Amino acid sequence: MKIASWNVNSLRVRLPQVLAWLEIQRPDVLALQETKVPDAEFPAGAFTSAGYHALCNGQKTYNGVALLSRSALSDCVTDPPNLVDSQRRIVAATVGDIRVINLYVPNGSEVGSEKYQYKLDWLEKISDFLASERDLCPQLVVLGDFNIAPEDRDVYDPEGWREQILCSTLERQAFQRLLDLKLSDAFREFEQPEGSYTWWDYRAAAFRRNRGLRIDHILVSDAMKREVQDCRVDIEPRKQERPSDHAPIYANFCRWS
DNA sequence: ATGGTCGGTAACCGA
């Protein structure tokens with residue numbers, strides 16, 4: 001079973017690339033972020049034709065998440081009780097016996113800004129939600145765009161990014177608190193190439209120079225950690241014309257969908 | 001080379 005995550009930076013623009021990627025990689029589940037499309041305009045038909053069920057939680061212009069799955073999705077949550085927010089950043093659902101939670105964590109803009117505080121508050125609240133979800137279902141996968149590079153090795157220039165947004169100590173501590181919920185970073189369960197990243201700025205030919213950060217993650221509960229077989233970044237879509245600034249990541253689990 | 005590029009939307013904001 002393959003579970004993937006991809007910040008597409010506008011599903012309208014990236015739909016052909018997403019459909020192509022579904023055909024090539026055949027993930028059982030794909031979590032999308034930054035769809036930037038209201039639910040009424042979500043291209044559900046295209047995904048149905050491709051063999052996927054879809055759940056969307058979108059809005060105009062900003063944010064927006066969705067879950068695609070080859071098998072049915074149930075028990076959808078978009079608004080945890082303690083996270084009242086007009087920004088559409090969460091969609092959770094059950095696939096078989098696995099609880100999948102797709103997150104688009106706020107970017108935070110700049111350390112010390114109002115948006116930065118919103119990000120930290122949001123992470124605090126999501127932590128409570130994840131704890132309650134974990135207690136309901138031991139087979140838990142939490143994935144998405146976390147907008148946090150957990151360690152220096154996840155950053156192409158750690159000194160240049162020291163205490164900058166995506167890398168600050170408070171953000172890294174917030175990420176660690178998620179791991180403290182007995183969740184593991186699936187990517188770090190395996191040997192990985194140095195310079196593995198999931199996001200590269202559009203500017204300054206950052207991708208060509210591999211000036212990236214690893215800010216998209218797949219976190220797994222202990223029950224799922226026992227079954228994870230590999231976790232990779234697929235940089236092929238980032239090489240294409242008009243790419244998202246993020247690459248997809250995926251993990252394979254030793255079970256059928 | 002201390003800037004640079006996207007997407008959404010309609011002058012700039014967010015990333």
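Keep in mind that this is a model prediction, so the values were computed, not measured.
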Distance, P atom - from dA1(B) to dA10(B), rounded to whole angstrom: 39 Å
Which whole-number value in Å describes the distance from Arg89(A) CZ to dG14(B) C1'? 10 Å
Regarding Arg14(A), tell me which of base, sugar-phosphate or nothing describes its non-hydrogen contacts under 4.0 Å with the strands shown. sugar-phosphate
Rounded to whole Å, how long is the line connecting atom NZ of Lys60(A) with atom P of dC13(B)? 17 Å
Counting heavy atoms from C-beta on, name the nucleotide in dG8(B), dG14(B), dC6(B) closest to the side chain of Arg12(A). dG8(B)
Of the candidates dG7(B), dG8(B), dG4(B), the side chain of Asn9(A) sits closest to dG7(B)
Between Arg172(A) and Asp154(A), does any NZ, NE, NH1 or NH2 come within less than 4.0 Å of an OD or OE carboxylate oxygen? no
In whole angstrom, what separates Arg209(A)'s CZ from dG3(B)'s P? 15 Å
Rounded to the nearest Å, what distance is computed from the CG atom of residue Asn107(A) to the C1' atom of nucleotide dG7(B)? 14 Å
Could you please name the option among dA15(B), dG14(B), dG8(B) that lies closest to any side-chain atom of Val13(A)? dG8(B)
Tell me, yes or no, whether the heavy-atom count around Glu151(A) atom CD, taken from other residues, nucleotides or ligands under 6.0 Å, exceeds 12. yes
Say you pick atom P in dC13(B) and the same atom in dT2(B); how far apart are they, in whole Å? 24 Å
Out of dC6(B), dG4(B), dG8(B), whichever nucleotide has its closest atom nearest the side chain of Tyr202(A): dC6(B)
Tell me the interatomic distance from Arg88(A), atom CZ, to dG14(B), atom P, rounded to whole angstroms. 19 Å
Given atom CZ of Arg203(A) and atom C1' of dT2(B), what is their separation to the nearest angstrom? 12 Å
Which heavy-atom pair separates Tyr197(A) from Arg214(A) by the least distance, and what is that distance? CD2-N, 3.8 Å
Could you please name the option among dG8(B), dG7(B), dG4(B) that lies closest to any side-chain atom of Thr61(A)? dG8(B)
Parallel, tilted or perpendicular, judged at 30° and 60°: which one describes the rings of Phe207(A) and Trp200(A)? perpendicular
